[in-house]
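Here the structure is laid out as structure tokens; the discussion comes afterwards.
A, B, ... follow the sequence lines: proteins, then strands. Residue 1 opens every chain. Both backbone and side-chain heavy atoms feed into the values below; hydrogens, waters and symmetry mates do not.
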Amino acid sequence: MRMSQLFSQTLREAPADAEVESHKLLVRAGYIQQLAAGIFTYLPLAKRVLTKIENIMRQEIDAIGGQEITMPVVHPAEIWKETERWYQIGSEMGRFYDKSGRDMVLAMTHEEVVADLVRRTIHSYRQLPALLYHIQTKWRDDPRPRAGLIRVREFTMKDSYSLDMDQEGLDQQYRAHYQAYYNIFHRCGLQVKAFKSDVGMMGGSMAHEFMYLTPIGEDTLLVCDNCGYAANRQIARFKKDPAAVEEPLPIEKVATPDTKTIEDLAEYLGIPKSKTAKAIFIIASIIQGVESYDRLVFAIVRGDMDLNETKLTNVLKAKELRPALEDEIISVGAVPGYASPKGLKDVLVVVDDAIPESPNLVAGANEEGFHYLNVNYDRDYKAEIVADIAVAEEGSLCPECGNPMGLQRGVEVGNIFKLGSRYSEAMGANFLDQEDQAKPVIMGSYGIGSGRLMASVAEEHHDEYGLIWPISVAPYAVHLIILQKKVKHQDQNKGEEVDDNDPLDVAEGLYEQFQSAGIEILFDDRDQRPGVKFNDADLIGIPIRLTISDRSLQAGGIEAKQRDQKEKTIIPIDKIVSHVEATIAELHANIDQEVVTIPFEE
RNA sequence: CGGGGUGUGGCGCAGAUGGCAGCGCGCCGCGUUUGGGACGCGGAGGCCAGCGGUUCAAGUCCGCUCACCCCGACCA
């Protein structure tokens with residue numbers, strides 16, 4: 001490609017609304033342009049990177065038995081109603097009417113379409129197992145797109161769907177994806193770590209998220225350096241410091257004026273926060289079939305902990321939670337700031353599992369300005385649900401080994417789910433087994449967003465001058481720069497001296513040569529000053545830079561430099577193609593070294 | 001959805017107290033220049049986000065709306 005023809009333009013300054021480096025650089029280097037919040041155009045350079053990433057994904061999924069298909073972006077609402085996700089998912093789903101007024105859905109994911117495909121196609125156990133995948137547009141109307149390509153509303157995803165007769169088959173395909181995903185990320189030059197995660201709206205029994213660890217990430221992860229326990233904060237378990245063993249003391253009401261928060265209360269009474277009970281009122285909308293209803297929930301965690309809303313949501317099987325309003329709290333007879341689980345009506349009480357273990361806590365007395373001392377679970381009140389509903393913090397103890405865990409931020413670049421029969425049962429996607437029994441197909445689903453992966457690679461591989469693509473995903477392997485535009489030699493008819501080493505001639509010749517050698521090359525043939533060309537080359541981030549100039553020719557050839565290194569070497573013209581081929585091979589070999597077997601962690 | 005911020009040419013920005021819409025980069029033409037974002041001369045390009053008000057006069061004051069960004073909530 002000639003840079004004079006390339007449809008893009010580099011910018012000296014990044015748009016003011018770009019904050020993270022991958023966003024700034026991808027815009028400045030002319031890879032992407034924003035059309036609206038979370039909606040981007042991918043220009044030729046970006047398209048080439050995406051194609052490379054997608055081809056890596058194709059190779060790895062094909063290698064574990066995948067067959068590529070393409071499923072529609074527009075779905076009739078019926079299939080989403082069949083699985084009830086039409087009712088469960090809120091504004092994140094894009095809905096519209098077709099010309100006849102039928103409900104239509106923009107694809108957020110494709111389980112429904114796959115289940116429909118399966119019920120039409122799979123009839124016998126002989127057709128299983130199978131693995132389908134496609135690379136297709138998704139629309140998720142995220143309430144807050146951010147950080148350039150890291151979190152968008154419209155994006156392209158490789159999603160695969162495994163189909164099996166039984167759980168064992170699913171386990172096998174799940175593990176195959178686990179390794180294939182590591183291979184994909186490693187081949188893109190990105191180090192990731194798999195974390196156990198919440199299944200969220202996907203349902204099912206197990207999920208892992210593949211996290212690129214970076215401070216710009218929006219997921220919070222807990223990691224144990226000692227035993228390797230790793231989990232998304234949404235579901236991370238932790239060992240709760242046991243409370244001191246004490247005999248239950250008699251309950252006692254004390255005046256505690258102006259102590260609406262746990263901090264105030266603990267300070268006023270001169271006790272640790274772990275000796276108090278924290279009350280949180282939540283309105284949960286709980287799903288029941290196609291309907292959902294609101295329920296006031298009184299959640300209690302120990303004062304030294306905070307509520308984990310994801311855990312509570314899962315315990316309640318709720319669609320969503322929101323904080324209760326003062327009026328709603330008062331309406332059940334509770335006093336905000338001094339609420340007590342004793343004597344409330346029509347409230348669903350959920351306590352954290354550390355509460356029954358913690359005797360003699362201070363809790364609200366349900367009276368403005370008063371608390372009870374020595375409240376004991378079971379003796380003084382009971383809950384409908386006792387479960388782990390507390391959130392892990394920096395320093396929380398590892399549930400496996402008790403070591404203090406650290407908090408990290410991560411970008412979720414991929415995820416894998418064991419769906420089981422959630423979709424096949426809802427949609428009647430059955431097969432006949434050897435005993436002539438109809439059984440639901442056991443499904444798994446596995447996704448990687450290609451744009452987010454590209455942005456993560458950019459985030460990881462750049463310096464102050466620009467992008468530094470790994471060879472495996474670089475838009476071109478070679479960036480050829482000519483530092484002189486005009487042909488120097490004179491009109492040959494006059495018989496004057498002809499300089500066969502004219503830089504432009506050499507560059508044109510090499511451009512041809514590289515192309516016929518099948519090496520992807522971007523040729524900066526523009527009439528620009530050297531500084532402009534070098535800066536653009538650094539910004540665009542192609543791995544190998546070749547410079548042809550009077551100076552290089554006098555030194556004996558072409559100057560070669562790798563984007564991630566400082567050294568420049570002069571290579572004779574007749575050796576340059578083989579030299580570049582060798583460099584490319586070496587760069588690929590370096591990446592392939594990173595592709596290693598990762599033990600599967602439950 | 002709550003909080004905060006910003007909307008003036010492709011990008012970055014300036015435009016007290018209302019009075020002819022500007023600068024740098026980029027873009028077009030000519031010339032000089034050519035190893036790390038050159039210089040000279042001459043150009044093109046803007047309903048100042050939109051709507052409504054106040055005023056002789058609004059980019060500027062008032063009201064409403066919209067868009068985009070950030071934090072939080074949310075999120076396969």
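Annotation: B:G3 and B:G45 have their C1' atoms spaced 39 Å apart (nearest Å). The C1' atoms of B:G37 and B:C51 are separated by 43 Å, rounded to the nearest whole Å. Separation of the P atoms belonging to B:G59 and B:A49 is 10 Å when rounded to the nearest angstrom. Taking atom C1' on both nucleotides, B:U6 is separated from B:C20 by 28 Å, rounded to a whole Å. Nucleotides B:G15 and B:G9 have their P atoms positioned 15 Å apart, rounded to a whole Å. Taking the P atoms as reference points, B:G18 lies 41 Å from B:C28, given to the whole Å. Going from the P atom of B:G63 to that of B:U54 covers 15 Å, rounded to whole Å. Atom C1' of B:A16 sits at a distance of 43 Å from the matching atom of B:G31, rounded to the whole Å.
Protein atom CG of A:Asp550 is 9 Å distant from nucleotide atom P of B:G35, rounded to whole Å. Here the P atom of nucleotide B:U34 and the CD1 atom of A:Ile481 are 18 Å apart, to the nearest Å. Across the protein-nucleic acid pair, A:Gln528 atom CD and B:C25 atom P stand 14 Å apart, rounded to whole Å. Protein atom CG of A:Asp527 is 11 Å distant from nucleotide atom P of B:C28, rounded to whole Å. At whole-Å resolution of the value, NZ in A:Lys561 and C1' in B:G35 are 13 Å apart. Residue A:Ile235 contributes atom CD1, which lies 15 Å from atom P of B:C75 at whole-angstrom precision. Spacing between atom CG of A:Asn232 and atom C1' of B:C75 amounts to 11 Å, rounded to whole angstrom units. Atom CD in A:Gln9 sits roughly 14 Å away from atom C1' in B:G9 (whole-Å rounding).
Ring-plane geometry between A:Phe40 and A:His23 is classed as perpendicular, the angle between the planes exceeding 60 degrees on a 0 to 90 degree scale with a lower cut at 30. Ring geometry for A:Tyr182 versus A:Phe210: interplanar angle over 60°, hence perpendicular rather than tilted (30 to 60°). Between A:Tyr446 and A:Tyr181, the angle of the ring planes goes over 60°, which puts this pair in the perpendicular group of the 30/60° scheme.
The listed nucleotides are B:G24, B:G37, B:G35; the one nearest the side chain of A:Glu13 is B:G24. Nearest to the side chain of A:Asp538, among B:G36, B:G35, B:G37, sits B:G36. Considering only the side chain of A:Leu11, B:C11 comes nearest among B:C11, B:U34, B:G37. Nearest nucleotide to the side chain of A:Arg551, out of B:C75, B:G37, B:G35: B:G35.
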Filtered N/O pairs between nucleotides 4-6 of chain B and protein, under 3.5 Å:
none

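With a cut-off of 3.5 Å on both pairing distances, the Watson-Crick or G-U wobble partner of B:C61 is B:G53. With a 3.5 Å ceiling on both atom-pair distances, B:G46 lacks any Watson-Crick or G-U wobble partner. Across all strands shown, B:G10 forms a Watson-Crick or G-U wobble pair with B:C25, both key distances being under 3.5 Å. For B:G36, there is no paired nucleotide, since no Watson-Crick or G-U wobble pair has both relevant distances below 3.5 Å.
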Residues A:His177, A:Ser162; criterion side-chain hydrogen bond (donor to acceptor under 3.5 Å, both in side chains); working and verdict: CA-CA 10 Å; A:His177 273 87; A:Ser162 62; 5.7 Å; no
Chi angles and distances behind the ring-ring contact (aromatic ring centres under 6.0 Å, His included) call for A:Phe281, A:Phe298: CA-CA 5 Å; A:Phe281 284 94; A:Phe298 186 9; 4.6 Å; yes
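Here A:Asp159 lies out of heavy-atom contact (under 4.0 Å) with every strand. Note on A:Lys533: nothing from the nucleic acid sits closer than 4.0 angstrom, heavy atoms only.
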Where protein sits on nucleotides 66-73 of chain B, one letter per nucleotide: B base, S sugar-phosphate only, - none, heavy atoms under 4.0 Å: --SSBBBB
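Considering A:Arg85, A:His75, A:Lys81 in turn, A:Arg85 is the only one that fulfils the side-chain hydrogen bond (donor to acceptor under 3.5 Å, both in side chains) rule with A:Glu112.
The pair A:Arg237-A:Asp388 fails the salt-bridge criterion, with no side-chain N (NZ, NE, NH1 or NH2) lying under 4.0 Å from an Asp/Glu carboxylate O. With respect to the salt-bridge test (charged N to carboxylate O, under 4.0 angstrom), the residues A:Arg153 and A:Asp142 do not qualify. The pair A:Arg2-A:Glu508 counts as a salt bridge, with a side-chain nitrogen and a carboxylate oxygen less than 4.0 angstrom apart.
Between the side chain of A:Arg545 and the base of B:G35, no donor-acceptor pair under 3.5 Å is found. With hydrogens and angles ignored, a donor-acceptor pair under 3.5 angstrom links the side chain of A:Asp536 to the base of B:G37. At a cut-off of 3.5 angstrom, the base of B:G37 holds at least one donor-acceptor pair with the side chain of A:Arg28.
Checked against salt bridge (charged side-chain N to carboxylate O under 4.0 Å, His left out), A:Glu54 has no partners two or more places apart in sequence or in another chain.
The residue among A:Pro530 and A:Glu218 whose nearest nucleotide of RNA chain B is located toward the 5' end is A:Pro530.
Nearest heavy-atom pair, A:Gly557 versus A:Ile570, reported as atom, atom and distance to 0.1 Å: N-CG2, 3.6 Å.
Phosphate proximity of B:G37 to A:Arg12: absent, as no side-chain N or O sits under 4.0 Å from OP1 or OP2.
Here the straight-line distance linking atom CD of A:Glu78 with atom CE of A:Met104 works out to 8.5 Å at 0.5 Å rounding.
In B:A16 the base sits syn relative to the sugar, since the glycosidic angle is no further than 90° from 0.
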